[in-house]
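One structure is given below, encoded as structure tokens.
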Amino acid sequence: HVPGASPISGTHLTREKVFGFFGELALRSGGTFKAGLDDVYGSDRGAVASAKARGSRPGKEYDSTYLMRFRIEGGRIREAWLHNWDQAAFEVFWA
């Protein structure tokens, strides 16, 4: 689940849609978008990860922090929610 109203926002339900989402990040940022993991806290039912993201697009720079919340079942991630530290900056960058 990606919040907001940007072209990459929305609920990506299938494996193909999730991989397509990551491909879209690379395409829209000219391959500059990078995310780096800081910390992960979890159990067998869920996890939370904090990370930093950065990238550039013509006339735009993005450098922010976000959280990912995961629901885990049977040892697999079944659902994930993105929580941006600065949602407005996220919207401007991907618009």
Side-chain angles (χ1 to χ4, degrees):
H1 303 281
V2 180
S6 75
I8 64 162
S9 296
T11 298
H12 309 285
L13 294 175
T14 65
R15 176 182 291 239
E16 292 76 22
K17 297 274 187 180
V18 171
F19 284 115
F21 165 77
F22 289 118
E24 193 68 22
L25 297 179
L27 182 66
R28 289 180 174 273
S29 71
T32 66
F33 184 79
K34 305 285 185 231
L37 187 62
D38 287 333
D39 289 303
V40 177
Y41 306 94
S43 69
D44 60 341
R45 295 182 312 141
V48 175
S50 64
K52 289 188 173 59
R54 63 175 38 125
S56 61
R57 298 183 69 197
K60 300 177 183 182
E61 296 292 324
Y62 186 70
D63 188 356
S64 192
T65 301
Y66 65 93
L67 294 176
M68 287 292 296
R69 185 171 49 104
F70 302 96
R71 180 174 61 85
I72 299 172
E73 281 181 8
R76 293 180 163 254
I77 296 171
R78 300 296 182 183
E79 202 164 11
W81 295 265
L82 175 65
H83 301 275
N84 293 300
W85 182 261
D86 186 344
Q87 184 65 32
F90 177 87
E91 296 286 335
V92 167
F93 182 72
W94 294 112

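When a residue number appears, it is its place in the shown sequence, counting from 1. Note that this is a predicted model, so its numbers are computed, not measured.
- At a threshold of 4.5 Å between side-chain heavy atoms, the hydrophobic network of Ile, Leu, Val, Met, Phe, Trp and Tyr places L82 and V48 in two separate groups.
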Evaluate side chain to side chain contact (heavy atoms under 4.5 Å, CB included) for F90 paired with S6, printing each intermediate quantity in order. CA-CA 8 Å; F90 177 87; S6 75; 3.9 Å; yes
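- Proximity of a side-chain donor or acceptor of S9 to a complementary backbone N or O of P3 within less than 3.5 Å is detected.
- Contacts of R71 classified as side chain to side chain donor-acceptor pair (under 3.5 Å), with partners at least two apart in sequence or in another chain: E73, E79.
- Between atom CE of residue M68 and atom CG of residue L37 there is a gap of 11.0 Å, rounded to the nearest 0.5 Å.
- Looking at every heavy atom in both residues, A49 comes nearest to V40 through CB-CG2, 4.0 Å.
- Across every non-hydrogen atom of L67 and S50, the tightest pair is CD2-CB, 3.6 Å.
- Listed by chain and residue number, nothing satisfies the side chain to side chain donor-acceptor pair (under 3.5 Å) test with S29 (two or more places apart in sequence, or in another chain).
- Residue pairs meeting the side-chain hydrogen bond (donor to acceptor under 3.5 Å, both in side chains) criterion with at least one member in residues 37-48, sequence neighbours excluded: D38-K52.
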Which donor-acceptor pairs under 3.5 Å do the side chains of residues 10-22 make with protein atoms, sequence neighbours left out?
| unit_1 | atom_1 | unit_2 | atom_2 | d |
| --- | --- | --- | --- | --- |
| T11 | OG1 | H1 | ND1 | 3.1 |
| H12 | NE2 | I8 | O | 3.2 |
| T14 | OG1 | K17 | N | 3.1 |

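- Pairing each heavy atom of R57 with each of A95, the nearest pair is NH1-O, 3.2 Å.
- Applying the ring-ring contact (aromatic ring centres under 6.0 Å, His included) test to residues at least two apart or on different chains, the pairs with a partner in residues 43-79 are Y62-F93.
- Here side-chain hydrogen bond (donor to acceptor under 3.5 Å, both in side chains) pairs that include residues 85-95, with residues two or more places apart or in two chains, are N84-Q87, Q87-E91.
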